[in-house]
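To start, the structure under review is shown below, and the notes come after it.
Note: hydrogens, waters and symmetry copies are ignored here, and every other heavy atom, side chains too, is used.
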Amino acid sequence: MNTFLVSRELLAWYDRHARGLPWRETHDPYRVWVSEVMLQQTRVDTVIPYYQKWLENFSDLHSLAAADERQAMQLWEGLGYYSRARNMLKTARILIEQRAGQFPDSIAELKKLPGIGDYIAGALASIAFGRDEVALDGNGLRVFARLAEFDQPINEAAGKAAIRELMQSMLPQGRAGDFNQAVMDLGATICVSHNPQCDQCPLTKHCHAFQNNTQDRFPLRIKKKPIPQYAVVAAVLRNGDTVLVDKRRADGLLGGLWEFPGGKVEEGEDLHTALVREIREELGVDITVHADIGTYRHAYTHFKVVVTVFEADILSGEPAALAADEIQWVRPVELDQYPMGKVDRLIAHSLL
DNA sequence: AATACGTGGCA
DNA sequence: TTGCCAAGTAT
């Protein structure tokens, strides 16, 4: 492969076909950063409305550093990977307090900030600061794995490192940001996972996969383990016209979001028993379980759940936040003010 | 190195 | 319906 030609022709293609995206209107590090964080594992079409809403509420680093966490989580609700939002708040505050509100421009310093890893550090350095640095994401891995019929799995460190070196070797001095974005645009619009549009690709004459018609076989990946499925129960506990919700601890799944109390059903346990046990563990109260008011199936990244929701009443005791950061009695109509994951939001809406 | 971490689109 | 995958990072 002639890396010089690939690089030159890719840039020429990008000059004509770059997508007009909201975060490409400036090179403002704050805006580039917001977009890159939101775009992790998330499609452009999904991100755009979130990006615009976020910028309307937090137009710069100062307003984000001063932000209310609940407001930030509400704006993030539905995007997933919620630690991204919490890390953005942390990073904004670090930059305001320790760096006079300026992003560092070196990879090493950028990577010290919460939520900034190899990719975002490279993206900020190259796109926002014009430095000659690689930003390698899933698109780049796929594009170059096909170009070279790359024989190593791209979801292992060695494979990623080799492709990073290939990209490094063809990085056009002075236009690394455009080059990185060109690779991503090509991967997102033409060299897509399934049914790549090779008839529109500017690189077919360099592409080994195209020449051998092996696009479907690349990139190679190590297979993931099958994911387990769990039965989960949740309770709608009532007190007058309010229901009880709890705020999950900051770490872990859906950290910092609100939920209806409950948990996993153990092996051999029936749903009622599980719910009584979970509520006793989480809130320190005994309940009577009433009607089943809904079943929800949901797939997280590494497991699936079937959630059964029950109406329930407290028999004795005052609920306490034994396993959560906070508990609150809330009227269902007010629950939109409480950031939640998908399943709990569906349950909340079912109560209206 | 392997696993945890959300959600929605698509075949 | 099920499984794969999408602008990754933290531990």
Side-chain angles (χ1 to χ4, degrees), chain A residues 18-19 21-24 31-51 73 76-88 90-91 110-124 126-127 134-143 153-161 164 167 177 179-189 191-196 216 219 221-229 248-257 259 296-306 339-346:
Chain A
R19 288 175 292 174
L21 299 170
W23 44 88
R24 287 184 175 170
R31 294 181 182 220
V32 173
W33 172 58
V34 173
S35 71
E36 297 299 352
V37 173
M38 288 187 169
L39 284 162
Q40 286 176 47
Q41 307 289 287
T42 311
R43 287 182 168 74
V44 164
D45 289 345
T46 303
V47 166
I48 287 175
Y50 282 90
Y51 174 82
M73 297 312 285
W76 204 273
E77 183 177 313
L79 255 192
Y81 289 140
Y82 297 92
S83 65
R84 294 184 291 176
R86 286 197 304 281
N87 281 336
M88 285 188 81
K90 285 185 198 162
T91 286
L110 284 164
K111 282 178 63 174
K112 291 179 183 170
L113 296 165
I116 297 186
D118 287 329
Y119 166 75
I120 293 181
L124 275 169
S126 64
I127 299 168
V134 170
L136 173 57
D137 71 338
N139 288 303
L141 292 170
R142 184 173 58 256
V143 166
I154 59 160
N155 54 349
E156 289 201 317
K160 280 183 195 158
R164 170 176 290 277
M167 265 184 91
F179 174 76
N180 289 328
Q181 293 182 90
V183 173
M184 292 190 269
D185 274 21
L186 188 72
T189 63
C191 195
V192 291
S193 279
H194 296 288
N195 303 318
D216 292 347
R221 291 178 204 274
I222 300 289
K223 285 185 184 156
K224 296 168 205 159
K225 293 176 183 173
I227 65 178
Q229 177 168 134
R248 296 172 65 95
R249 296 204 162 119
D251 290 334
L253 188 76
L254 304 174
L257 299 186
E259 66 172 3
Y296 302 85
R297 292 169 189 283
H298 189 69
Y300 295 97
T301 314
H302 53 296
F303 63 92
K304 296 178 189 178
V305 292
V306 180
M340 291 178 168
K342 177 75 178 169
V343 172
D344 289 284
R345 181 56 69 209
L346 288 173

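Taking side-chain N and O atoms only, R142(A) has a distance below 4.0 Å to OP1 or OP2 of dA6(C). Put simply, R221(A) has no side-chain N or O that comes within less than 4.0 Å of OP1 or OP2 on dC4(C). In terms of phosphate contacts, Q41(A) brings a side-chain nitrogen or oxygen within less than 4.0 Å of OP1 or OP2 of dG8(C). For dC4(C), the OP1/OP2 oxygens have no side-chain nitrogen or oxygen of K224(A) closer than 4.0 Å. Contact between the side-chain N/O atoms of H194(A) and the OP1/OP2 oxygens of dA11(B) is not found at any separation under 4.0 Å.
When heavy atoms are screened at a 4.0 angstrom cut-off, G140(A) is found touching no nucleic acid atom at all. Across all strands, L79(A) comes closer than 4.0 Å to base atoms (heavy-atom distances). Within the 4.0 angstrom heavy-atom criterion, no nucleotide atom of any strand lies near G255(A). Here P226(A) lies out of heavy-atom contact (under 4.0 Å) with every strand. Contacts of R24(A) with the nucleic acid, taken as non-hydrogen atoms under 4.0 Å apart, include base atoms. Heavy atoms of A157(A) sit under 4.0 angstrom from primed sugar atoms or phosphate atoms, though from no base atom. Among the protein residues, W23(A) comes within range of the nucleic acid bases, having at least one heavy atom under 4.0 Å from a base atom. Using a 4.0 Å heavy-atom criterion, one finds that G187(A) contacts no nucleic acid atom at all. Within the 4.0 angstrom heavy-atom criterion, only backbone atoms of the sugar-phosphate kind lie near S193(A); the bases stay farther away. Within 4.0 Å of K304(A), counting heavy atoms only, lie sugar-phosphate atoms of the nucleic acid but no base atom. Residue contacts shown for I222(A) are absent, as no nucleic acid heavy atom lies under 4.0 Å away. Looking at heavy-atom distances under 4.0 Å, D118(A) makes contact with sugar-phosphate atoms alone, never a base.
Nucleotides dA4(B) and dA7(C) have their P atoms positioned 23 Å apart, rounded to a whole Å. dG6(B) and dT1(C): their P atoms are spaced 24 Å apart (whole Å). Nucleotides dC4(C) and dT3(B), compared at atom P, are 15 Å apart to the nearest Å.
The distance between atom CG of N155(A) and atom C1' of dC4(C), rounded to the nearest whole Å, is 13 Å. Across the protein-nucleic acid pair, Y300(A) atom OH and dG6(B) atom C1' stand 8 Å apart, rounded to whole Å. The CG atom of N195(A) sits 14 Å away from the C1' atom of dC4(C) (whole-angstrom rounding).
Between the base of dG6(B) and the side chain of Y81(A) there is a donor-acceptor pair shorter than 3.5 Å. Side-chain atoms of T42(A) and base atoms of dG6(B) include a donor and an acceptor less than 3.5 Å apart. Checked by distance alone, T301(A) brings a side-chain donor or acceptor within 3.5 Å of a matching partner on the base of dG6(B).
Of the listed nucleotides (dA2(B), dA6(C), dC5(B)), dA2(B) has the atom at the smallest distance from the side chain of K225(A). Of the candidate nucleotides dA10(C), dA7(C), dG8(B), dA7(C) has the atom nearest to the side chain of R19(A). You'll find that the side chain of R43(A) is closest to dG8(B), out of dT9(C), dG8(B), dC5(B). Here dT7(B) is the nucleotide among dT7(B), dA7(C), dT9(C) with the atom lying nearest to any side-chain atom of Y82(A). Of the listed nucleotides (dC5(B), dA7(C), dG6(B)), dG6(B) has the atom at the smallest distance from the side chain of R84(A). When the nucleotides dG8(C), dA2(B), dG6(B) are ranked by their closest atom to the side chain of D137(A), dG8(C) comes out on top. Closest approach to the V44(A) side chain among dC5(B), dG6(B), dA7(C) is made by dA7(C) (side chain taken as heavy atoms from C-beta onward). Set against dG8(B), dA2(B), dC5(B), the side chain of K342(A) has dG8(B) as its closest nucleotide.
Nearest heavy atoms, W33(A) versus I116(A): NE1-CD1, 3.8 Å. K160(A) approaches N155(A) most closely through the heavy-atom pair CE-CA, 4.4 Å.
Aromatic ring centres of Y300(A) and H298(A) lie closer together than 6.0 Å.
There is no side-chain donor-acceptor pair under 3.5 Å between N87(A) and R84(A).
Residues L79(A) and T42(A) form a side-chain contact, since some pair of their non-hydrogen atoms from C-beta on lies under 4.5 Å apart. V44(A) is listed as a side-chain neighbour of W23(A), based on a closest heavy-atom distance under 4.5 Å.
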